[in-house]
Trainee: 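Pasting a structure below so you can have a look.
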Amino acid sequence: MSMLRRLGRLFGNGPDVPAQTPPIAAPTASPRPIAFDYNDDRIPSGAKAKIAKILDSIQSVEQAMARESVPSFSRADTDQMRDIHLPKLVQSYIDIPAEHRSEIFRKTGKSASFMLGESLDQMQERIDG
């Protein structure tokens, strides 16, 4: 199960709600980046530092790929991580209603901001790998 799906199940309506299948769209030449403000005040400062490091690491990986021959799936991975996965992860944290955050802590023993930090750490590990 993907990290985003697990977070969605935890932060969303729970495992008993079936996942909605997104409509199939015609392929485009390149993915459109999602405009996202990582300076949003609702994002914890510790997470902001991790996000900045992830974005810097992705840029470094892209520069290395430009110098060396790398399979196209690696380029797609970095594009998706920067343009899709990272914004979705942070947005899923922002979308958690304040009254639901204490419920998350009761269920998991971890705060939503701690879990965001863990997920960002996992993303950083994937980039470093």
Side-chain angles (χ1 to χ4, degrees):
M1 181 179 300
S2 75
M3 172 178 55
L4 290 174
R5 179 162 289 186
R6 283 184 286 184
L7 284 172
R9 291 175 90 185
L10 180 63
F11 297 149
N13 295 328
D16 54 337
V17 176
Q20 294 179 344
T21 305
I24 298 173
T28 59
S30 63
R32 290 181 74 177
I34 298 171
F36 197 85
D37 179 17
Y38 292 112
N39 293 315
D40 190 308
D41 291 336
R42 297 171 290 181
I43 303 170
S45 58
K48 286 181 183 179
K50 291 178 182 188
I51 291 166
K53 184 177 178 189
I54 287 170
L55 293 172
D56 287 343
S57 296
I58 289 173
Q59 185 176 16
S60 297
V61 167
E62 289 173 335
Q63 290 170 352
M65 287 189 299
R67 290 189 307 265
E68 302 171 19
S69 177
V70 177
S72 62
F73 71 86
S74 295
R75 295 179 203 283
D77 286 345
T78 58
D79 290 346
Q80 287 178 354
M81 196 170 293
R82 179 194 60 238
D83 299 338
I84 298 170
H85 300 305
L86 183 59
K88 277 186 175 181
L89 173 64
V90 176
Q91 188 63 51
S92 69
Y93 171 82
I94 290 172
D95 289 344
I96 301 170
E99 61 275 4
H100 188 63
R101 293 177 192 258
S102 60
E103 183 180 332
I104 291 170
F105 185 79
R106 278 194 305 274
K107 285 182 177 179
T108 66
K110 299 176 183 177
S111 69
S113 58
F114 180 82
M115 294 177 71
L116 173 63
E118 280 186 332
S119 298
L120 291 169
D121 289 341
Q122 290 174 357
M123 192 174 284
Q124 183 67 55
E125 287 174 18
R126 177 150 167 81
I127 295 168
D128 292 345

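All values below were derived from every heavy atom in this structure, side-chain atoms included, with hydrogens, water molecules and symmetry-related copies excluded.
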Trainee: I'd like to check the side-chain hydrogen bond (donor to acceptor under 3.5 Å, both in side chains) partners of Gln59; sequence neighbours left out, ordered by chain and number.
Mentor: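 Partners of Gln59 under the side-chain hydrogen bond (donor to acceptor under 3.5 Å, both in side chains) test: none.
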
Trainee: Of all the heavy-atom pairs spanning Arg101 and Ala112, show the shortest one and how long it is.
Mentor: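 Looking at all heavy atoms of both residues, the shortest contact is NH1-CB, 4.1 Å.
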
Trainee: Looking at every heavy atom in both Leu116 and Val90, which two are closest together, and how far apart are they?
Mentor: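 Answer, listing the atom of Leu116 first, then Val90: CD1-CA, 4.5 Å.
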
Trainee: For Lys110, which residues count as a side chain to side chain contact (heavy atoms under 4.5 Å, CB included) partner, sequence neighbours excluded?
Mentor: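 Checked Lys110 against side chain to side chain contact (heavy atoms under 4.5 Å, CB included); matches are Thr108, Phe114, Met115, Glu118.
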
Trainee: Check for me, please, whether Ile94 and Phe105 land in the same ILVMFWY cluster - side-chain distances under 4.5 Å, paths through other members count.
Mentor: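 No; Phe105 is not reachable from Ile94 via cluster members.
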
Trainee: How long is the span from the CE atom in Met81 to the CZ atom in Arg126, to the nearest 0.5 Å?
Mentor: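 Taking CE in Met81 and CZ in Arg126, the distance rounds to 5.0 Å.
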
Trainee: Which heavy-atom pair separates Pro87 from Ile84 by the least distance, and what is that distance?
Mentor: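 Closest heavy-atom pair between Pro87 and Ile84: CD-O, 3.3 Å.
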
Trainee: Which residues satisfy the side-chain hydrogen bond (donor to acceptor under 3.5 Å, both in side chains) test with Ser102, sequence neighbours excluded?
Mentor: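 Partners of Ser102 under the side-chain hydrogen bond (donor to acceptor under 3.5 Å, both in side chains) test: none.
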
Trainee: For the CZ atom of Arg106 and the CD atom of Glu103, what is their distance to the nearest 0.5 Å?
Mentor: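 Taking CZ in Arg106 and CD in Glu103, the distance rounds to 6.0 Å.
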
Trainee: So how far is it from Lys53 NZ to Ile58 CD1, rounded to the nearest 0.5 Å?
Mentor: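 Between Lys53 NZ and Ile58 CD1, I get 12.5 Å after rounding to 0.5 Å.
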
Trainee: Roughly how far, to the nearest 0.5 Å, is the CD atom of Gln124 from the CG atom of Leu86?
Mentor: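 Answer for the CG-CD pair, Leu86 versus Gln124, is 10.5 Å.
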
Trainee: If every non-hydrogen atom of Phe36 is compared with every non-hydrogen atom of Ile43, which pair is closest and at what distance?
Mentor: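 Looking at all heavy atoms of both residues, the closest pair is CE2-CD1, 4.3 Å.
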
Trainee: Side-chain contact test, heavy atoms from C-beta onward, threshold under 4.5 Å: evaluate it for Arg82 versus Asp79 and give yes or no.
Mentor: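 Yes, their side chains come closer than 4.5 Å.
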
Trainee: Asp121: what forms a salt bridge (charged side-chain N to carboxylate O under 4.0 Å, His left out) with it, not counting sequence neighbours?
Mentor: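 Asp121: salt bridge (charged side-chain N to carboxylate O under 4.0 Å, His left out) contacts with Lys50.
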
Trainee: Can you pull the salt bridge (charged side-chain N to carboxylate O under 4.0 Å, His left out) pairs that have at least one residue in residues 39-49, sequence neighbours excluded?
Mentor: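 Listed once each, the pairs are Asp40-Arg42.
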
Trainee: Which pair of non-hydrogen atoms, one from Leu89 and one from Ser92, has the smallest distance, and what is that distance?
Mentor: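 Closest approach of Leu89 to Ser92, heavy atoms only: O-OG, 2.6 Å.
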
Trainee: For Val61, give me all partners under side chain to side chain contact (heavy atoms under 4.5 Å, CB included), at least two apart in sequence or on another chain.
Mentor: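 Val61 satisfies side chain to side chain contact (heavy atoms under 4.5 Å, CB included) with Met65, Thr78, Ile127 once adjacent residues are dropped.
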
